[in-house]
Structures are given as structure tokens and as C-alpha cells.
Amino acid sequence: MKHVVRVIAHWALLAHIYISMAGFTLALLFGATGLTLNHQDFGFSEPQIARSEILVDKNLVDNPDQATLEQRVRKKLGIRSPSTDYHDDPDQIQMTFAVPGARTVVTINRVDGRGEVEKESRGFLGKLGDLHKGFDAGSVWYWIIDIAAVLLVISSLTGMVTLLALRARRRTGFTVCALGILTVIVIYVVWVPK
């Protein structure tokens, strides 16, 4: 039985070390961006708004094909991302192009083909905040967030198994763990509005 416990502890330790290192960059990123999201008053992600105008071919506005219109607008403005929102109304056509930390809204007047462009940029911390939340980051980043969560869960569980195998540190380790859990519960019960 002792041999089985040693083998499990050995593999748990190896898994803990390497999975923790694999997830280190993601854990650091999500920890730091969580801090900046919680303190947006740092002022580094204040939105910068720029307005301009473009002229869209009247024929294209009168007979709008969404894909063609989006392609022309993207080319005129130098935007690489596809639109995240498209509204075709009797008076105007509105397209939104959003990426982490930035958003461009184009409102095209159907009467004359004139397009009002509003570009909003929230800087580097705004970009990191949107990546943290997964806003407008695409499907690959969506999976990166899930992978980071799984790596953190596995790292935590293998850390617990490793702690079980360390007789000299087991009691202190689980006492600190229990205090951490209790602290979170008390904070939630006492100070989080319900």
C-alpha cells in the first residue's frame, strides 16, 4: 500500500509541477487583468474616441449586400476583423466592428451614402480587460480561457494530493487551506450584498 501511495504522490507532484508551469502565463495574465478590472479607476483604460466620415457608394447602399458592404467599409477603414453587429434600417445601416480594447461603429445614411465613423479605444489595459472577460476575442480565445481554468483546477488538485504525501507539512497545509476556504465563506456571507 505504501508503494501505491508513493507512486500516486510522485505522479501527482510531477503533474502539479508541469501543469502549473504550463498554466503559469495564463494564471499570471488572468490574475493581473482581474486586478485591473477590479480597479478601473487606475485610469489607464479611459476610452479615447475619434470621429470621422467616409463616403460609401450610393449603389451599394441602395442595394445592400451585407458581406460586400462590410468588406468595402473594412477596406476603407483598414479594419481586419469581421463585424460583430449589423443593423439594416430604412434610414440607415449600422455596423459595429469590435476587438478586445477597441470598437468601431459605422452609421451609413441611406440618403447620401455618408458614413459617420466612431472609433473607441480603451488602450492596453482595456484590451487586457476584454481578453480577461473573453469579449470580442473570438472562439480560439474562448477555448484558451477554458483551458486556463482546467489547468488551474488540475494544478490545485494535484497540489492537494502532493500535500497529502508530505507528512511533515500536511497538518499545516490543510489548516491554511481550511482557513482560506473559511475566509472566503465569511467574506461572502458578511459583506457581499444579497
Side-chain angles (χ1 to χ4, degrees), residues 1-48 78-84 96-104 119-194:
M1 188 65 177
K2 286 182 181 181
H3 176 71
V4 172
V5 170
R6 264 191 250 129
V7 168
I8 291 172
H10 171 76
W11 284 105
L13 177 62
L14 286 178
H16 178 72
I17 290 169
Y18 294 114
I19 289 172
S20 296
M21 291 314 296
F24 171 75
T25 303
L26 293 171
L28 183 63
L29 172 72
F30 287 108
T33 55
L35 183 64
T36 60
L37 279 173
N38 205 32
H39 294 280
Q40 292 187 7
D41 54 345
F42 286 166
F44 296 119
S45 58
E46 289 295 317
Q48 303 293 316
I79 296 173
R80 294 187 317 190
S81 65
S83 72
T84 53
T96 303
F97 302 90
V99 295
R103 184 177 64 125
T104 302
K119 290 185 178 184
E120 176 187 304
S121 175
R122 290 185 316 284
F124 182 67
L125 290 183
K127 181 180 291 229
L128 288 179
D130 284 353
L131 286 173
H132 182 95
K133 296 179 278 189
F135 285 173
D136 303 313
S139 60
V140 173
W141 191 257
Y142 172 85
W143 286 106
I144 290 295
I145 292 172
D146 286 349
I147 290 168
V150 169
L151 288 175
L152 289 172
V153 167
I154 292 172
S155 178
S156 298
L157 293 175
T158 55
M160 290 290 208
V161 171
T162 302
L163 186 60
L164 278 172
L166 300 173
R167 215 174 264 180
R169 297 196 174 135
R170 188 181 308 155
R171 179 175 289 162
T172 305
F174 282 111
T175 301
V176 171
C177 179
L179 287 173
I181 293 170
L182 185 62
T183 301
V184 170
I185 291 171
V186 167
I187 290 170
Y188 175 77
V189 169
V190 175
W191 286 291
V192 174
K194 290 156 199 65

For this session: Report the distance from atom OG1 of Thr162 to atom CG of Leu157, rounding to the nearest 0.5 Å.
Result: 10.5 Å
Taking distance alone, no hydrogens or angles, what donor-acceptor pairs closer than 3.5 Å link side-chain atoms of residues 178-186 to residues at least two apart or in another chain?
unit_1, atom_1, unit_2, atom_2, d
Thr183, OG1, Leu179, O, 2.7

Problem set entry | Geometric cation-pi criterion Lys194 and Tyr188, 6.0 Å radius, 45° cone | yes
Problem set entry | Where Phe30 and Ile145 come nearest, the two heavy atoms and their spacing | CZ-CG1, 3.7 Å
Exercise. Ion pair present between Asp130 and Arg122, side-chain N to carboxylate O less than 4.0 angstrom?
Worked result: yes
Seminar exercise, completed: d(Ile19 CD1, Leu151 CG) to nearest 0.5 Å is 6.5 Å
For this session: May I have the step-by-step check of side-chain contact (heavy atoms from CB on, under 4.5 Å) for Leu131 and Trp141, ending in yes or no?
Result: CA-CA 8 Å; Leu131 286 173; Trp141 191 257; 3.8 Å; yes
Exercise. Taking atom CE of Met160 and atom CZ of Arg170, what is their separation to the nearest 0.5 Å?
Worked result: 13.0 Å
Exercise. Counting only heavy atoms not in Phe174, do more than 12 fall under 6.0 Å of its CZ?
Worked result: yes
Exercise. Short question: side chain of Ser83, backbone of Thr96 - any donor-acceptor pair under 3.5 Å?
Worked result: no
For this session: Of all the heavy-atom pairs spanning Asp136 and Pro100, show the shortest one and how long it is.
Result: O-CD, 3.1 Å
Exercise. Among pairs that include at least one residue of residues 149-158, which meet side-chain hydrogen bond (donor to acceptor under 3.5 Å, both in side chains), considering only residues two or more places apart or in two chains?
Worked result: His16-Thr158, Ser20-Ser155
Exercise. Okay, side chain of Arg103, backbone of Ala98: is any donor-acceptor separation there less than 3.5 Å?
Worked result: no
For this session: Return yes when atom CZ of Arg169 has more than 12 non-hydrogen atoms of other residues, nucleotides or ligands closer than 6.0 Å, and no otherwise.
Result: no
